[in-house]
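Inspection log for the structure reproduced underneath, given as structure tokens.
First the proteins, then the strands, lettered A, B, ... as listed; each starts at 1.
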Amino acid sequence: MSKRYYFDHAATTPLDPEVFQAMEPFLKDKFGNPSSIYQEGQEAERAITEARERVQELINAADSREIIFTGSGTEADNLAIKGIAMALKEEGNHIITSETEHHAVLHTCEFLEKHYDFEVSYLSVDSEGFIDLADLREEIKDDTILITIMTANNEIGTIQPIEEIAEIAAENNVYFHTDAVQAAGQLDIDVQKSKVDLLSISAHKINGPKGIGALYVKKGTKLLPQMQGGAQERKRRASTENVPGIVGFGKAAQLAKKRLPEKQSKMIKLRDKIINRVLEEIDEVRLNGPRQEHRLPNNASFCFRYIEGESILLNLDMLGIAASSGSACTSGSLDPSHVMLALGLSHEVAHGSLRISLGYRTTEEEVDYLLEKLPPVIQKLRDMSPLYEG
Amino acid sequence: MYSDKVMDHFQNPRNVGKMEDPDVVGEVGNPTCGDIIRVYLKIKDDIIEDITFSTFGCGAAVATSSMVTELVKGKTLDEALEVSNEQIAEELDGLPPAKMHCSNLAADAIKNAIKNFKEGKTGLEENDNAEAETAHDHH
């Protein structure tokens with residue numbers, strides 16, 4: 001296969017060879033069930049304990065028992081939101097979230113609204129994707145039980161003021177959950193410092209395997225399990241443990257923590273090169289999300305006027321470049337991305353979005369290739385567009 | 001997800017570009033739904049002598065636009081009116097189900113152009129035609 005240029009690390013990342021190495025024995029010979037009392041089981045149990053500690057270290061949790069392994073980041077979000085909602089339903093039925101959450105959060109909230117009579121407030125965001133803390137304060141009521149706001153947005157990279165949100169939640173005795181799936185491995189996550197109650201992460205976004213996520217649940221938090229069965233994960237998530245997945249997650253978390261400072265500075269440099277060059281070289285383009293320190297280090301998101309996202313992606317793909325878009329065609333619905341619309345963009349503009357997301361191994365040469373190929377693709381599609389008079 | 005034929009027409013669109021002085025223009029779609037197909041026709045003695053297109057939209061929208069220009073070029077107006085969206089999809093070895101409704105509008109652009117022509121319009125007046133012919137309700 002000819003060389004590929006992968007710029008979709010927000011979708012998923014390649015498995016790190018060290019992670020694969022750590023997992024391999026547990027996919028082959030070390031097949032024991034961690035619940036078993038004999039040696040094979042105990043070996044698996046020890047591996048899980050070690051992995052749990054590594055995930056604990058990645059987010060600086062006080063205790064490894066605060067980590068619940070799940071089947072994905074989506075499941076972690078579901079467990080957090082439904083688990084709190086059902087545990088506290090006698091105390092209140094109001095949840096606060098934002099319009100730009102991942103569907104794992106938004107659709108879970110909508111599910112609770114539709115089927116369990118919960119009331120959900122969806123905070124709007126400004127043109128860069130930030131919620132307004134005054135709005136948040138205003139929405140809190142006596143029966144508010146949960147605030148769920150993502151740490152960083154997967155499409156436009158906006159980093160929310162998590163510590164301030166946690167403070168407001170604590171002042172009002174409301175639990176605070178944050179989806180940190182995109183933030184992990186890119187930002188220094190410290191659940192003790194930021195005082196969040198629940199936090200979701202996923203292995204495959206940090207060069208770990210797919211099919212494994214985790215929910216941090218601060219000690220003392222009331223959470224009703226959403227999966228009934230055995231006593232795994234201290235009775236909070238029944239299912240025989242995905243041992244190779246958990247071991248891989250542990251290794252990926254360890255590497256992510258070790259690499260964070262180097263990865264951050266490298267990605268920020270490449271990100272800003274992409275943003276600056278695209279804005280300089282291409283007309284009628286909009287940067288989605290903020291600049292600099294409140295933006296994820298690996299995210300560059302644009303809307304190109306007069307053209308449609310899927311066409312951009314197909315053209316880039318033919319040139320060896322993998323990227324993403326929030327156009328209707330790529331969102332799997334007839335509307336463009338809810339995140340783009342929440343920024344106040346028109347459908348027409350939102351259809352022309354392109355997300356570039358970098359990874360640990362992205363090189364400057366790869367970025368240069370992208371920057372060389374992108375402007376002609378945009379021009380070619382504009383020349384074909386009835387909206388473009390250029 | 002797309003057939004080789006769709007990708008071929010997307011990658012190497014036939015008859016693409018705006019025409020300098022068309023006899024008539026037809027258009028369907030709107031920017032809200034993410035697809036606009038505009039066709040430019042030269043018509044002589046009821047025959048489509050030349051046709052080009054410009055399209056805002058996804059891969060399927062571009063490929064169906066390209067295909068329809070091939071299908072109707074050299075045809076009489078009555079023959080061109082017979083071409084359906086379904087036929088265009090078939091000629092492209094099919095489209096993904098989600099695209100059949102959403103981006104398969106090229107035949108409607110031809111019908112719009114011919115309607116304009118028969119009504120003595122150029123299709124470039126105001127743009128009222130775009131709205132009238134947007135039978136494409138996506139809600």
Part of B:Pro13 within contact of chain A (heavy atom distance under 4.5 Å):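 For B:Pro13, the side chain is the part near chain A, not the backbone.
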
Part of B:Ala60 within contact of chain A (heavy atom distance under 4.5 Å):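 Contact with chain A involves the backbone of B:Ala60 alone.
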
Interchain contact, A:Leu314 with chain B, by part (heavy-atom threshold 4.5 Å):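 For A:Leu314, backbone and side chain are both near chain B.
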
Part of A:Met318 within contact of chain B (heavy atom distance under 4.5 Å):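 The side chain, not the backbone.
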
B:Phe117 six-ring centre to B:Lys115 NZ/CZ under 6.0 Å and within 45° of normal: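 Here B:Lys115 fails the 6.0 Å and 45° test against B:Phe117.
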
Winner by heavy-atom pair count (cut-off under 4.5 Å) against chain A, out of B:Thr52, B:Thr55, B:Val62: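 Among B:Thr52, B:Thr55, B:Val62, the one with the most close pairs to chain A is B:Thr55.
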
May I ask you to test the [X]-[Y] pair for a side-chain heavy-atom distance under 4.5 Å?
X: A:Ile282; Y: A:Arg382; result: yes
X: A:His9; Y: A:Pro14; result: yes
X: B:Asn85; Y: B:Met100; result: no

Among A:His103, A:His107, A:His102, A:His347, the one residue meeting ring pair (Phe, Tyr, Trp, His ring centres under 6.0 Å) with A:His338: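 That would be A:His103; it is the only one of A:His103, A:His107, A:His102, A:His347 passing the ring pair (Phe, Tyr, Trp, His ring centres under 6.0 Å) with A:His338.
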
